[in-house]
Amino acid sequence: MKRQLIAGNWKMNGSFAANEVLLRVLAAGMGGATCQVAVCVPAPYLAQVQGLVVGTGIELGAQDVSQHEAGAYTGEVSANMLRDFAARYCLVGHSERRQYHGETDAVVATKAQRALAAGITPIVCVGETLAERGAGRTEEVVKRQLAAVIHTNGHCISEIVVAYEPVWAIGTGKTASPQEAQRVHAVLRNQLRAATEQADRMLILYGGSMNAANAAQLLSQEDIDGGLVGGASLKAGDFLSIIAAAH
Ligand code: 13P
């Protein structure tokens, strides 16, 4: 059985003091965790968290990466900069980036390639909005978003992690039912199978109001290989419960 990945997405939260407390409690409570664990932190905290996770088994992730390699792109952070902090993962195409920063499928695909080129595993986020879901377009939307990443020439797409995050479930307390989520994950798995022989060992995470109460059922689904956790990853006890529910 492949190991699941539970990744926390802190979004724009944290402080030196809060990060330290959170990571110390997580590290102390992680004993016996059988899954992989990562935290995706705001860029200014990469150095601090890089130091705090040493020897804990928790891996470091970033929340975004520039589509450009280097140069006159004020405010951007490059993949090579993330590598300087030994980031293992980087979110790309999170719905909040697509929604508030106008990231297109093509931009997301370029970002995934930048991460791969720097030896960082991109966690590629896909997911439909409530309106798209209402119109019965869930499959079409997630397949289009993933196809853009799969069909960009360059570094091997079997090295990506995929995260299915229905936009209507993010931060709303609404989750896809385990069966609904599994159905979409199976669609994504088949799409990966058509592109690479490695599809069955690739991780497809679920995200969207995953919490201590619903994690076990979601994580027991055949094609759900872990979670991308927002709000609950900021509460050590809740995040540890989700970690304990994974394998
Ligand atoms: P919530 O867990 O807060 O719904 O956020 C999910 C998410 O967007 C993770 O990337």
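Just follow the structure's listing: the first ligand is 1, and inside any ligand the first atom is 1. The analysis underlying the following values was restricted to heavy atoms, covering all of them including side chains, and did not include hydrogens, waters or symmetry mates. For clarity, every value in this text was computed on a predicted model and none was experimentally measured.
- Salt-bridge formation is detected for the pair E20/R24: a Lys NZ or Arg NE/NH1/NH2 atom is positioned less than 4.0 Å from an Asp or Glu carboxylate oxygen.
- Taking distance alone, with nitrogen or oxygen atoms compared against 3.5 Å, I170 stays at or beyond that limit from ligand 1.
- Under a 4.0 Å heavy-atom criterion, G173 is not in contact with ligand 1.
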Practice item. Could you please spell out the steps behind the side-chain hydrogen bond (donor to acceptor under 3.5 Å, both in side chains) verdict for E222 and H185? Key: CA-CA 9 Å; E222 185 178 350; H185 280 233; over 6 Å; no
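- Checking Q113 against T110 by side-chain atom types alone, no donor-acceptor pair falls below 3.5 Å.
- In terms of N/O distances under 3.5 Å, ligand 1 is not approached by V229.
- Contact check on D225 versus R201 returns no salt bridge, with no Lys/Arg side-chain nitrogen under 4.0 Å from an Asp/Glu carboxylate oxygen.
- Polar contact with ligand 1: present for G230 (N/O pair, distance under 3.5 Å).
- Of the charged side-chain nitrogens involved, none lies within less than 4.0 Å of a carboxylate oxygen, so that E128 and R137 do not count as a salt-bridged pair.
- Listed by number with element, the atoms of ligand 1 under 4.0 Å from a non-hydrogen atom of G208 are 4 (O), 6 (C).
- In this structure, R97 pairs ionically with E103, as a charged nitrogen and a carboxylate oxygen lie closer than 4.0 Å.
- The shell of residues lying under 4.0 angstrom from ligand 1, judged by heavy atoms, includes S209.
- Atom 9 (C) of ligand 1 has as its closest protein heavy atom E165 OE2, 2.8 Å.
- Under a 4.0 Å heavy-atom criterion, G207 is not in contact with ligand 1.
- Taking distance alone, with nitrogen or oxygen atoms compared against 3.5 Å, H94 approaches ligand 1 more closely than that limit.
- A side-chain donor-acceptor contact under 3.5 Å links N214 to the backbone of N211.
- When each atom of ligand 1 is checked for a heavy atom of L228 under 4.0 Å away, the hits are 9 (C), 10 (O).
- The contact set between ligand 1 and G231, taken as ligand atoms under 4.0 Å from a residue heavy atom, comprises 1 (P), 2 (O), 3 (O).
- Between E139 and R144 there is no salt bridge, since no side-chain nitrogen of the basic residue lies less than 4.0 Å from a carboxylate oxygen of the acidic one.
- Using a 4.0 Å cut-off between charged nitrogen and carboxylate oxygen, D64 and K111 count as a salt-bridge pair.
- The K11 neighbourhood of ligand 1 comprises atoms 5 (O), 6 (C), 7 (C), 8 (O), with distances under 4.0 Å to a heavy atom of that residue.
- Of the heavy atoms in A169, only backbone atoms (N, CA, C, O) come closer than 4.0 Å to ligand 1.
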